[in-house]
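Read the numbers this way: they start at 1 and go in the same order the structure lists the ligands and their atoms. All residue numbers in this chain count up from 1 along the given sequence.
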Amino acid sequence: MMSADFTSNFWNLYVIVLIVFGVGLCLFVLMTNNKRHTGPVEVQPHVWDETLAEYNNPLPRWWLYLFWATVIFSIVYLAIYPGLGNFQGFLNWSSVGQYEQEMAKAKQKYDTIYAKFRGQGIEALARNAEARAMGGRLFATYCAQCHGADAKGAPGFPNLTDNDWLWGGEPDTIVQTITNGRIGVMTPFDGVLSPTEVTDVANYVRSLSNLPNSAEAAQRGAMVFAANCVVCHGPDGRGQPLLGAPNLTDNIWLVSSSQAQIEKNVREGRNNRMPGFGDFLGEDKVRLLAAYVWGLSNK
Ligand code: HEC
Ligand code: HEC
């Protein structure tokens, strides 16, 4: 305790001494150079290159006054705002304090708008035009950069309009997804499966969605699938919402259905993350967002 106190006090004093010394030095320079022009301009005693001499002109007045003004400004500033070591300043201002003040003001202002939607179910909110419009605006602000302005997704970011869900499309599940976020993890199989087995299982996965494939390879791939993939994707490949493992039979893809991309997913695995918004946005906004998202698939 003693030593922690001592070190923080030391740096505190160090900063104060540096600042006071700096401002003092400015004042000293100003006062010692404050002479006025009287009589003929003196020539400095030193001479360079045999003939080169230098006048000793006083500093221009405007420049001196400007310098005085900056010194006075810094003293006033240090008196009212934090800057002088631990000293808080007479205004007691802090950036955290200002942020909290503004947030409290905003909360007070918007709380009344959100209050009327509290206690309504997600499905009811999705049918309320005003709530849906608010959800849509929130979506454009916080979600569109990943899921697209139309919520139809992008490679790696799921389409939220197709009623096909990684984690489940029940209203409460969607609230959970937005509140806590989700991490979709598929283990990599590079080194576990041989290159032929990877090709085979990818052929099998394509066969599940009736995409062109080699029947022979797909048949071998079915065995690979049964041994390695069913734990997460289920025995029939229809997925497992508790793990966010997608249905592989519906021809809806996170990135692409190409043989190459499926093989890449198997070799490298996948690690995909939906960030949680509960702490940042709060329950009211999360519920409006969930209603908006649910409404996209349930018109
Ligand atoms: C940084 C990018 C990013 C942002 C921002 C983002 N998401 Fe996501 N979201 C993802 C990813 C990636 C997934 C897929 C996670 C996975 O693979 O399991 C996902 C999944 C979801 C899912 C689950 C879909 C399913 O099929 O189960 C929902 C619902 C969702 N996001 C809604 C939202 C909402 C609402 C917002 C705005 C508050 C949002 N997302 C913002 C990246 C993002
Ligand atoms: C540990 C669980 C787990 C295992 C084992 C697993 N997967 Fe996955 N797989 C996932 C998850 C979770 C995702 C979704 C990743 C994401 O959200 O990006 C996924 C995604 C995929 C995709 C992409 C689907 C799409 O919509 O684009 C394919 C293809 C796939 N897996 C095939 C396989 C095959 C083939 C195997 C066996 C060799 C396998 N997976 C084993 C969990 C698993």
Should the heavy atoms of other residues, nucleotides or ligands under 6.0 Å from CD of E283 be counted, would the total exceed 12? no
Could you walk me through whether R118 and D111 satisfy the side chain to side chain contact (heavy atoms under 4.5 Å, CB included) test, starting with their C-alpha distance in whole Å, then the side-chain angles of each, then the deciding distance to 0.1 Å, before giving a yes or no? CA-CA 10 Å; R118 275 180 212 144; D111 246 17; 3.4 Å; yes
Within ligand 1, which atoms have a heavy atom of Y142 less than 4.0 Å away? 5 (C), 37 (C), 41 (C)
Metal check, atom 8 (Fe) of ligand 1 vs M274 N/O/S, cut-off below 2.8 Å: yes
Applying a heavy-atom cut-off of 4.0 Å, say which part of N271 lies close to ligand 2: side chain, backbone, both or neither. neither
protein heavy-atom neighbour closest to atom 41 (C) of ligand 2 works out as F189 CE1, 3.5 Å
Number the atoms of ligand 2 from 1 as they appear, then name those within less than 4.0 Å of a heavy atom of L243, with their elements. 12 (C)
Closest contact, heavy atoms only, P158 versus L166: CG-CD1, 4.0 Å
Suppose I only count heavy atoms of L289 and a 4.0 Å limit; which atoms of ligand 1 are within that range? 38 (C)
Taking all heavy atoms of Q88 and all of N92, pick out the closest pair and write down the distance. CB-OD1, 3.7 Å
Could you check, using the six-membered ring where one of them is a Trp, whether Y65 and W68 have ring centers closer than 6.0 angstrom? no
Ligand 1 to Q145 polar contact by distance, N or O atoms, under 3.5 Å: no
Taking it one step at a time, do V23 and I75 satisfy side chain to side chain contact (heavy atoms under 4.5 Å, CB included)? CA-CA 8 Å; V23 174; I75 292 171; 4.0 Å; yes
Taking only heavy atoms of I252 into account, list the atoms of ligand 2 that are under 4.0 Å away from them. 26 (O)
Relative to atom 37 (C) of ligand 1, which among A144, C143, P275 owns the nearest non-hydrogen atom? C143
For atom 1 (C) of ligand 1, which protein heavy atom lies nearest, and how many Å away is it? C146 SG, 2.7 Å
Please confirm whether N247 comes under 4.0 Å of ligand 2, counting heavy atoms of the residue only. no
Could you check whether the rings of W93 and Y81 sit parallel, tilted or perpendicular, using 30° and 60° as the cut-offs? perpendicular
2.8 Å cut-off met by an N, O or S atom of H147 to atom 8 (Fe) of ligand 1: yes
Can you name the nearest heavy-atom pair linking Q259 to T199, along with the distance? NE2-O, 3.3 Å
Option nearest atom 35 (C) of ligand 1 (shortest heavy-atom distance, choices I178, L288, T179): I178
Measuring from atom 25 (C) of ligand 2, which candidate in D250, L254, V198 has the nearest non-hydrogen atom? L254
For atom 11 (C) of ligand 1, what is the closest protein heavy atom, and at what distance to 0.1 Å? R273 O, 3.7 Å
Say whether G244, considering both its backbone and side-chain N or O atoms, lies within less than 3.5 Å of an N or O atom on ligand 1. no
What part of L160 sits under 4.0 Å from ligand 1 if we count only heavy atoms: the side chain, the backbone, both or neither? side chain
Relative to the heavy atoms of N272, which atoms of ligand 2 are at a distance of less than 4.0 Å? 16 (C), 17 (O), 18 (O)
Which atom names give the shortest non-hydrogen contact between C229 and V201, and what distance separates them? SG-CG2, 4.2 Å
Looking only at heavy atoms, which two atoms of F277 and V286 are closest? And how far apart? O-CG2, 4.1 Å
If you compare all heavy atoms of A126 against all heavy atoms of W294, which two are closest, and at what distance to 0.1 Å? CB-CE3, 3.6 Å
Heavy atoms from other residues, nucleotides or ligands near CZ of F87 exceed 12 (cutoff 6.0 Å): yes
For atom CD of Q108, is the number of surrounding heavy atoms from other residues, nucleotides or ligands below 6.0 Å larger than 12? no
Which of the atoms in ligand 1, numbered in the order shown and given with their element, are less than 4.0 Å from a heavy-atom of G184? 18 (O)
Check: Q261/N265 side-chain N/O donor and acceptor closer than 3.5 Å: yes
Side chain, backbone, both or neither: P158 near ligand 1, heavy atoms under 4.0 Å: side chain
At under 4.0 Å between heavy atoms, what of P241 touches ligand 1? The answer is neither
Under 6.0 Å from the CD atom of Q145, do we count more than 12 heavy atoms belonging to anything else shown? yes
Using a cut-off of 2.8 Å, how many protein N, O or S atoms sit around atom 8 (Fe) of ligand 2? 2
Check F157 against ligand 1 and report side chain, backbone, both or neither, counting heavy atoms closer than 4.0 Å. side chain
Apply side chain to side chain contact (heavy atoms under 4.5 Å, CB included) to residues V43 and Y55 and explain how you reach the verdict. CA-CA 4 Å; V43 178; Y55 283 128; 3.9 Å; yes
Taking the basic N atoms (NZ, or NE/NH1/NH2) and the acidic carboxylate oxygens, is any pair closer than 4.0 Å for R127 and E123? no
CA sep, side-chain torsions, deciding dist, call: M134, I113, side chain to side chain contact (heavy atoms under 4.5 Å, CB included): CA-CA 10 Å; M134 282 170 73; I113 304 176; 3.7 Å; yes
Under 4.0 Å, heavy-atom basis, I'd like to know which part of T177 is in contact with ligand 1: side chain, backbone, both or neither. side chain
Of the side chain and backbone of W165, name the one, both, or neither that has a heavy atom under 4.0 Å from an atom of ligand 1. both
